[in-house]
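Values below: all heavy atoms of this structure, side chains included; hydrogens, waters and symmetry mates excluded. Residue indices begin at 1 and follow the sequence shown.
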Amino acid sequence: MIKKEAVFGLLLLILTGPVLCPEDISSILNEEEQNWLLGHREILFVSQTDYPPFEFKGNEDYSDGMSIELIRWIATEFGFKARFRHMSFQQAQEAVLIGEADALTSLFYSEKRDESFDFTPLTWEVPALIFVQSERPDIRSVADLRNRKVAMQRGDYAGEFLADKGIDATIISTDTFAEAVDLVIAGEADAVIGDKQIVLYHLFSQNLMNMVKSVGEPLYVGQNSIAVIEGNVYLRAILEKGVEQARENGIFDKIDRKWTGVRYSDSRSWLEKNQTILLFAMVSILIVLVLILLWSFQLRSLVAKRTAELKRNELHLQSLFDSVPDLLWLKDSDGKYLKCNNRYRQFLGHNADQIRGKTDYDFFSRDKADVYTEYDRIAMEKGEASYIADIRYKNDNHRETVEVIKNSLHDEKGNLVGILSIAHDMTERFEAETFLEAIVENIPNMVFVKDAETLRFIRLNKAAERILGYSADDLKGKNDYDFFPESEADFFTMKDREALSKREVTDIPEEPILTSSGQSRILHTQKISIRNKEGKPVYLLGISEDITERKRIENEMRKTLKEKEILLKEVHHRVKNNLQVVSSLLSLQSEKTGDPRALEVFAEAENKVKSMSLVHEILYKSDSFDRIPIRKYMENLMSHLREMYVGRDIEIRMDIENIDIQLENAVSCGLIFTELISNTFKHAFAEGERGSVNISVNALEGGKIQAVVSDNGCGFPEDFNPEGTMSMGIRLVIDLIEGQLEGEWSLNRENGTEWTFTWPCE
């Protein structure tokens with residue numbers, strides 16, 4: 001049977017509260033929420049088995065409590081059936097998360113829980129208190145729970161609270177708060193963190209009020225709400241609107257009056273009402289006095305021990321301060337010195353006692369003290385401040401340039417407690433920077449630095465001002481488009497982006513610019529990107545050399561060289577023509593004689609002149625005047641010799657590398673080849689006999705050139721001695737090889753004749 005009190009309460013809610021007919025739901029729920037209810041006529045709520053007065057399992061397994069009545073009212077108003085199932089608090093949460101139930105009847109809100117659950121607005125506030133045995137004096141606040149056994153309901157927010165506060169305690173989990181309280185009474189736990197109404201309900205109903213007491217202020221006030229799984233938006237919205245309706249219709253007040261009642265005044269005198277309490281208080285006071293005496297002895301011992309520890313810590317901290325090579329000092333929030341290291345004491349020229357409690361105004365001029373105090377204020381407001389200062393040590397009067405960094409200090413509650421400052425000696429670095437600055441400023445070439453993002457000038461040296469005609473102040477913060485024609489600025493910007501896109505130097509041989517006076521200059525520029533630790537370009541460094549004068553000189557020299565080349569070509573042309581005239585004269589003279597010996601002499605002379613003429617002809621047609629290509633020369637020379645010895649059935653084969661030989665060697669080589677090939681045509685083969693001549697020219701290792709002229713003719717007689725011969729042709733060949741070419745030669749007379757000679761190519 002359902003309890004009469006529950007039935008009466010439900011009827012009271014229905015009679016006293018305005019009834020919302022199902023057809024009026026549309027005024028509160030939107031269409032989507034109404035459709036969701038049509039598909040979920042029964043909603044399963046899970047509640048705690050023993051969480052009075054909010055929810056508990058009454059007689060005959062009937063669900064009862066303040067949260068249960070609230071949900072039943074909402075179900076009646078919105079036209080759905082609410083079904084309840086009881087279990088432990090931990091199991092109830094898990095049931096909703098795995099989809100076995102739709103909603104929790106009550107759950108404290110927290111940010112961590114909000115990751116898994118969606119909450120309705122607040123239903124009831126539930127303070128959480130620490131409960132201990134009545135006679136225990138050693139637990140007075142949450143800090144006293146460290147290293148204690150703390151009982152609590154499994155899955156309760158109290159565990160999350162202790163973890164957030166950094167309280168390391170042994171947690172004893174129970175299914176209900178009643179079980180947790182019983183563990184404290186039995187001495188199996190030092191304390192319980194429990195919801196006030198639930199614990200008091202258990203103590204009162206079990207007549208245990210004199211066994212347990214609460215200590216301290218509430219640890220937190222739990223925001224109790226109805227909860228659904230994260231993402232169940234329609235059910236959460238329906239329950240949320242139901243809670244709001246209940247609050248507007250006064251249902252919460254009626255439920256509170258029913259379960260917590262109304263207090264009425266007592267007609268008895270104060271003494272009559274409290275005589276038992278007074279007697280208990282007097283006894284308690286006596287006990288407390290005794291405990292205080294005992295505690296005072298322990299406290300003195302503890303204070304002495306802690307004082308010794310503090311002194312040791314103070315010495316250790318001072319040692320750490322003194323071991324820092326930089327200046328280090330600590331002030332409170334009022335700017336008074338608390339501590340400093342040995343280096344800072346040397347700077348001020350005072351000992352620690354003379355510094356402690358003083359301010360900057362006690363050691364520096366007012367102007368300096370005002371500056372230092374202002375940086376302290378910035379550090380306190382913004383958390384950090386830094387500046388560069390020149391200081392002089394009082395102990396030995398030496399000076400330093402230091403970088404000072406100030407950081408604000410806060411306690412665990414976030415309150416400002418002081419300022420920690422450190423000053424690092426930057427003297428050497430600043431001297432190095434000054435030295436580098438002097439070098440950059442005095443480099444004769446233009447040095448500039450641009451911002452990688454905007455390509456605006458941020459640094460220029462004096463050479464840049466001199467070359468461009470603008471001051472550094474005029475250029476800083478500007479880009480190329482602010483000073484140069486658009487076409488020039490486009491070119492400069494393109495090259496800037498190209499240099500920023502790669503890591504190596506970008507070389508720009510010529511950059512024409514217009515100075516501020518409109519004068520045209522030519523620069524040779526090299527650009528490279530300056531990158532940060534992540535490899536991203538942040539600056540562009542450029543170095544430009546003014547090559548205007550050099551280009552002018554080069555142009556003049558090029559013009560002069562061109563004139564000389566033309567003149568030299570003309571010389572070669574005239575020499576070639578003169579040699580051709582000589583060759584023609586020899587040819588004409590040979591026609592006037594019938595002496596075969598004279599004709600042969602004229603032909604040899606003409607061949608030699610032709611070989612020299614070919615050198616000048618090739619030089620006249622070439623761009624080079626100190627070297628000629630040997631292959632082209634030999635092809636022309638062999639073509640001439642074939643014409644001279646037309647009618648002879650002799651094949652000339654050539655294997656000549658593409659080698660350029662020096663001008664002074666070209667004429668000698670031509671004469672040597674002419675003499676050797678002519679001898680082959682005249683003496684190696686009989687009249688009408690077929691034969692072949694092989695010519696090869698190759699470059700050897702060691703910077704030498706080797707030439708080989710061979711034939712398959714009759715060869716020289718066995719007693720032939722080249723060095724002792726009276727033949728002018730052979731003597732000419734040997735003299736040219738050894739004298740003019742400074743080379744070596746050899747003669748092989750097997751299977752014909754093979755001349756080999758080598759000479760240095762340089």
Side-chain angles (χ1 to χ4, degrees), residues 46-68 85-94 104-108 124 126-163 167-222 224 259-260 277 280 284 287:
V46 284
S47 59
Q48 301 177 59
T49 305
D50 190 10
Y51 192 70
F54 296 103
E55 54 195 62
F56 57 95
K57 185 164 63 175
N59 294 336
E60 299 178 1
D61 291 339
Y62 179 74
S63 297
D64 210 350
M66 300 168 71
S67 297
I68 303 298
R85 182 185 297 170
H86 291 279
M87 55 187 69
S88 71
F89 188 41
Q90 184 69 33
Q91 292 172 338
Q93 295 179 53
E94 293 173 355
L104 273 161
T105 54
S106 60
L107 182 66
F108 283 7
W124 283 280
V126 183
L129 297 171
I130 301 173
F131 294 88
V132 299
Q133 287 183 353
S134 298
E135 65 272 21
R136 291 196 69 153
D138 57 330
I139 297 178
R140 299 181 302 278
S141 67
V142 68
D144 296 327
L145 296 181
R146 282 190 172 89
N147 301 320
R148 307 278 189 172
K149 296 179 181 179
V150 180
M152 62 181 65
Q153 180 177 255
R154 187 176 288 104
D156 190 68
Y157 174 72
E160 185 178 339
F161 174 83
L162 290 181
I167 304 299
D168 187 14
T170 301
I171 306 300
I172 302 176
S173 299
T174 61
D175 288 335
T176 65
F177 282 112
E179 293 175 8
V181 173
D182 292 342
L183 290 177
V184 171
I185 294 173
E188 296 178 12
D190 299 301
V192 60
I193 298 179
D195 296 348
K196 177 181 177 182
Q197 294 95 321
I198 289 78
V199 173
L200 292 179
Y201 192 101
H202 173 67
L203 294 175
F204 185 83
S205 62
Q206 301 299 320
N207 197 23
L208 300 172
M209 293 295 293
N210 61 337
M211 303 290 289
V212 177
K213 67 178 179 181
S214 65
V215 295
E217 296 296 325
L219 302 182
Y220 54 87
V221 178
N224 217 355
W259 287 93
T260 61
I277 297 175
F280 177 76
S284 299
I287 295 173

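- Partner of Val132 under the side chain to side chain contact (heavy atoms under 4.5 Å, CB included) criterion, chosen from Leu145, Val212, Val215: Val215.
- Applying the ring-ring contact (aromatic ring centres under 6.0 Å, His included) test to every pair with at least one member in residues 185-212, sequence neighbours left out, gives no pairs at all.
- Rounded to the nearest 0.5 angstrom, Phe89 CZ and Leu107 CG are separated by 5.0 Å.
- Note: Lys149 NZ to Glu188 CD = 8.5 Å, rounded to the nearest 0.5 Å.
- Under the ring-ring contact (aromatic ring centres under 6.0 Å, His included) criterion, Tyr51 pairs with Phe54, Phe177, not counting sequence neighbours.
- No side-chain heavy atom of Val192 sits under 4.5 Å from any side-chain heavy atom of Leu183.
- Remark: Asp50 pairs with no residue by the salt bridge (Lys or Arg N to Asp or Glu O under 4.0 Å) rule, at least two apart or across chains.
- The shortest side-chain heavy-atom distance between Met152 and Ile171 falls under the 4.5 Å cut-off.
- Annotation: side chain of Ile167 is not in contact with side chain of Val150 (no heavy-atom distance under 4.5 Å).
- Taking OG of Ser214 as the reference point, atom CG of Leu203 lies at 9.5 Å (rounded to 0.5 Å).
- Taking CZ from Phe56 and OG1 from Thr176, the interatomic distance works out to 14.0 Å, rounded to the nearest 0.5 Å.
- Every pair passing salt bridge (Lys or Arg N to Asp or Glu O under 4.0 Å) that includes a residue from residues 136-146 is listed here, sequence neighbours excluded: Arg136-Asp138, Arg136-Asp190, Asp138-Arg148.
- In terms of heavy-atom proximity, Gln197 sits nearest to Val126 at OE1-CG1, 3.3 Å.
- Judged purely by atom type and a 3.5 angstrom limit, Ser47 has no side-chain atom pairing as donor or acceptor with the backbone of Thr105.
- Residues passing the side chain to side chain contact (heavy atoms under 4.5 Å, CB included) test with Val46 are Arg85, Met87, Ala92, Ala95, Val96, Ala101, Leu104, sequence neighbours excluded.
- Between Gln48 and Ser106 there is a side-chain heavy-atom pair separated by less than 4.5 Å.
- Legend: residues meeting salt bridge (Lys or Arg N to Asp or Glu O under 4.0 Å) with Asp195, ordered by chain and number and at least two apart, are absent.
- With sequence neighbours excluded, the residues satisfying side chain to side chain donor-acceptor pair (under 3.5 Å) with Gln91 are Ser88.
- Side-chain contact, Gln153 with Thr174: no donor N or O sits under 3.5 Å from an acceptor N or O.
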Inset, instruction - Assess whether side chain to side chain contact (heavy atoms under 4.5 Å, CB included) is satisfied between Val142 and Leu162, documenting all intermediate values. - result: CA-CA 8 Å; Val142 68; Leu162 290 181; 3.9 Å; yes

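- Contact of the Leu219 side chain with the Ile130 side chain is registered, since non-hydrogen atoms from C-beta on lie closer than 4.5 Å.
- Contacts classified as ring-ring contact (aromatic ring centres under 6.0 Å, His included) and involving residues 136-159 (residues at least two apart or in different chains) are given here: Tyr157-Tyr220.
- Among pairs with a residue in residues 170-179, those fulfilling salt bridge (Lys or Arg N to Asp or Glu O under 4.0 Å) read Arg154-Asp175, at least two apart in sequence or across chains.
- Judged by distance alone, with hydrogens and angles left aside, the side-chain atoms of Glu55 form no donor-acceptor pair with the main-chain N or O of Ser63 at under 3.5 Å.
- For residues 201-215, the set of pairs meeting the salt bridge (Lys or Arg N to Asp or Glu O under 4.0 Å) definition, not counting sequence neighbours, is empty.
- Counting heavy atoms from C-beta outward, Phe131 and Val181 have side chains that stay 4.5 Å or more apart.
- Considering only residues two or more places apart in sequence or on other chains, Glu217 meets the side chain to side chain contact (heavy atoms under 4.5 Å, CB included) condition with none of them.
- Using modelled atom types, no side-chain atom of Asn224 and backbone atom of Trp124 make a donor-acceptor pair closer than 3.5 Å.
- Qualifying side chain to side chain contact (heavy atoms under 4.5 Å, CB included) partners for Glu94, counting only residues two or more places apart in sequence or in other chains: Gln90.
- In terms of heavy atoms, Gly216 sits closest to Leu129 at O-CD2, 4.3 Å.
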